[in-house]
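Report on the structure given below.
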Amino acid sequence: MSLMTKEKPYNTLNAFYRNKFGKKVFKISLNGDFTCPNKDGKSGYGGCIYCSELGSGDFAGNKKLPLKDQFAQIKTLMLNKWNDGLYIAYFQANTNTYDEVGRLRYLYETALSLDDKIIGLSIGTRCDALNDEIYDLLSEFNEKTYLQIELGLQSINEETSDFINRSHTLKCFDDAVEELRRRNIEVVVHIINGFHLESKEDMLDTVRHLNKLDIQGIKIHLLHIMKNTKLGNMYLKDPFKILTLEEYADITAAQIEILNPSIIIHRLTGDAPRESLIAPLWSLKKFVVMNEIDKLLRGRNSRQGINYTK
Ligand code: SF4
């Protein structure tokens, strides 16, 4: 079923949740105090060059607090704005399947039991932090709740992968998607636009690759250059080309046009804490970014998948 409208000519997450659950659904970021195989040496050291100290979970809960206290804090803020929503517990920071199965089960179960309005789990991870035992655990949760696994890819470009120190292959990612789908688990993929090594065509190629896989959702991020990251230090020392707002909107609109029309778009840009962002500063005006993309699509009477080819 298409969720597209004249105003939003692509499948938005909001419309998807409303259609599926009949209400607005909020993702509540919890912090399970995980680390990452790309930091502790299992796959790499030092992490991805753009990764913040908080493991790219800058809006996640405070890892020092128990999950129930993290949830209570965020829920209070939510209730001020919206008191009739449902929640998905979102394990966002670092790699949230990277631990013993016993601890993973405990954390996921605890998260689901925090409130009767929590209707599912969203778990952010990497392909190198999944194995048969963990797939089985995820499969078990997929049977009893609504489950999304968010997998980081960022780009299919090998040069980019080396530059960002991603430390896993494209094959590892593709295999993980296949294993998850074999168990009927929803897969949401993160990609990043704006690596200076990449042309517009390279960024479109990443979406073309995803079209070949069986994925259910996509998060399109803008590359944020943040303070206290390797990328940030690199940029401050020797600034490189970053995307303008117009370029980002143009690339992202073109990606939407080639994207499989059945995929749900969870994000069209990213959030960065104002105080840590070095560039691009135009990204702080998130609604302006989204409007630019929508305007381009509406202006040419276009929509998600209009240029999709199998
Ligand atoms: S995979 Fe995520 S948490 Fe790990 S280093 Fe990269 S950005 Fe950071």
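Values reported hereafter were calculated over all heavy atoms of this structure, with side chains retained and with hydrogens, waters and symmetry mates removed. Counting convention: from 1, in listed order, for ligands and their atoms alike.
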Q | Under 3.5 Å side-chain donor-acceptor pair for T160 and Q154 | A | no
(Q) When you measure from atom 4 (Fe) of ligand 1 to the N, O or S atoms of C51, does any of those distances fall below 2.8 Å? (A) no
Q. Where on R126 is there a heavy atom closer than 4.0 Å to ligand 1, on the side chain, on the backbone, on both, or on neither?
A. side chain
**Q.** For G47, atoms of ligand 1 separated by under 4.0 Å from a heavy atom
**A.** 5 (S)
Q: Examine L65 and L112 and state if one hydrophobic cluster contains both, with Ile, Leu, Val, Met, Phe, Trp and Tyr joined whenever side-chain heavy atoms are less than 4.5 Å apart.
A: no
**Q.** D99 (side chain) donor-acceptor with N96 (main chain) under 3.5 angstrom
**A.** no
**Q.** Between F163 and H196, ring centroids under 6.0 Å
**A.** yes
Q: Return yes when at least one N/O/S atom of C48 is nearer than 2.8 Å to atom 6 (Fe) of ligand 1, and no when none is.
A: yes
